[in-house]
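Encoded as structure tokens, the structure appears first; notes follow it.
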Amino acid sequence: MLHQANNRFNAQEIWQQDRDHVLHPYTHFDSFRRDGSLVLVEGDGCYVTDAHGRRYFDGIGGMWCVNAGYGRREIAEAMAEQALQLCYTTTFVDVTNAPAARLAAKLAALAPGDLNHVAYATSGSCAVDTAIRLAHYYHSRRGEAQRRYVISRKNSYHGSTYLGMTVGQRDGDQSPHFKYIPDLVHHLSAPYPYRRPEGMSLESFSDFLVEEFEARIAELGAENIACFIAEPAQASGGVCLPPPNYLPRMRELCTRHGILFIADEIVTAFGRLGHMFASQDEFGVTPDMIVCAKGLTSGYIPLSAVIYSDAIQDAISAPDPDAWFTHGYTYAGHPVACAVALKNIEIIEREELCANAARVGDYLEARLGELRDLPIVGDVRGRRLMMCVEYVRDKKTRERLPDSVNISKRISNACEASGLLVRPIGHLDVLSPPLIITKAEVDMVVTTLRAAIEKVTVELTTEGLV
């Protein structure tokens, strides 16, 4: 692999071209000017290789997305076959293609309840935009055009479009150099059990969160609220599992007040928590819409979808000669992307990757839990193949280390030097490996991460920071 990589790629040239010409998502300009990028050139199974021939276990799964693993020849062949047969067609108004129609039927069969209809987009961000516009359109067609407010949660992430960044409110995302849509989104407290108020039980925390929603509904007026959008388990905002009965109670409030419940399953769908969709199977909630992307194609090609209910379809398609749904994307329902998604779902089902994610994910939960004995590990949390470690200066008070320490990046750098990629986010290191991970690989991941944490802890002690 090393010889092959060095023959095919000029690592320094690619690094320099990238540094000179590419604006990366979430660039920190000072460090990027200094360090540039890690140049990845090949992938196979759970592993990726850089332009120098160094091989890494991808504990991030790309960006929560390479669920079926790298190098799937079947997916590449499906992509090529469809591109040769029909590389593109619009899906505007009354044109379609076979993969788009078949995928919509498959998603309807997999989704819970009466979520039988699909609107395609090209990214998770665009799908969130579509879901919220669909909510506004639905209420307007029913004669309630004043329902425009969106209820979200603090520390959530719903994409990086203008609307997506307004809807989400993750720590560090709200840059003073960007603008956001005023008086549209109202944010509730994050369901972040580890940082709940001191002395509050999980059950009381759930009560607090639900009562806060009730109070916000009373304040804004239910008649003015279009939708509530929530990740069943907050991903980039801390890998937070909600407290007991929180989501079903929030769903009940939405139903009672005519507020649409949008489940953002961009990360959790297609096996990450051991189910095709987590809303119903993991958390006991059937939403009005599910937003999905990432694992839909295992990252092989961009595609996203909003899967929505019969009730929404009935309202928006009611007879009206002047009604047009004036929203959509050039590449919505792209035939090549939909063919990839169909093959990806076939692989997930045939190889029982949801069952593997459940079995090996439970083992990952248990093994990562062993890291709680380390002095700077405040919490280990998540579910199955969606996990994180939160670092603190003081385990008793949960006091964080100063941002300037860049703790998660220091530990992820140490992991990278040992052949493991984890994702640093603030005070967290996140793990979301491909669903094909084995228990032996879990052992390697945990051993490597432990060694990296211990190494950095020694450095912090020497620096007088812990």
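Atoms considered below: every heavy atom in the structure, side chains included; atoms not considered: hydrogens, waters and symmetry mates. Note that the numbering runs from 1 along the sequence shown for the chain.
In the model, Ser37 has a side-chain atom that pairs as donor or acceptor with a side-chain atom of His24 under 3.5 Å. Remark: the Thr268 side chain and the Glu231 side chain contain no N/O donor-acceptor pair separated by less than 3.5 Å. Asn245 and Ser206 share no side-chain donor-acceptor pair at under 3.5 Å. A donor atom on one side chain and an acceptor atom on the other are found under 3.5 Å apart for Thr286 and Gln280. Side-chain contact check for Tyr192 and Arg381: at least one donor-acceptor pair (N or O, by modelled atom type) lies under 3.5 Å. A donor atom on one side chain and an acceptor atom on the other are found under 3.5 Å apart for His327 and Thr130. A donor-acceptor contact closer than 3.5 angstrom is absent between the side chains of Tyr308 and Asp288. Judged by distance alone, the side chains of Asp20 and Gln16 do bring a donor and an acceptor atom under 3.5 Å apart. With 3.5 Å as the limit, one finds no donor-acceptor pair spanning the side chains of His187 and Asn155. For the residue pair Arg410 / Asn413, no side-chain donor-acceptor distance below 3.5 Å is found, with atom types taken as modelled. For the residue pair Asp429 and Tyr391, a side-chain donor N or O sits within less than 3.5 Å of a side-chain acceptor on the partner. A side-chain donor from one of Tyr26 and Asp173 sits under 3.5 Å from a side-chain acceptor of the other. Between the side chains of Glu282 and His275, at least one donor-acceptor pair of N or O atoms lies under 3.5 Å.
A cation-pi contact links Arg398 to Tyr194, judged by a cut-off of 6.0 Å to the six-membered ring centre and 45° from its axis.
The distance between the ring centers of Tyr120 and Tyr329 does not fall below 6.0 angstrom. Ring-centre distance between Phe270 and Phe277: below the 6.0 Å cut-off.
In this structure, Leu385 and Gly361 approach most closely via the heavy-atom pair CD2-CA, 3.7 Å.
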- Does the pair Lys395 and Asp379 meet the rule for a salt bridge (charged side-chain N to carboxylate O under 4.0 Å, His left out), with working shown? CA-CA 9 Å; Lys395 293 173 76 118; Asp379 195 25; over 6 Å; no
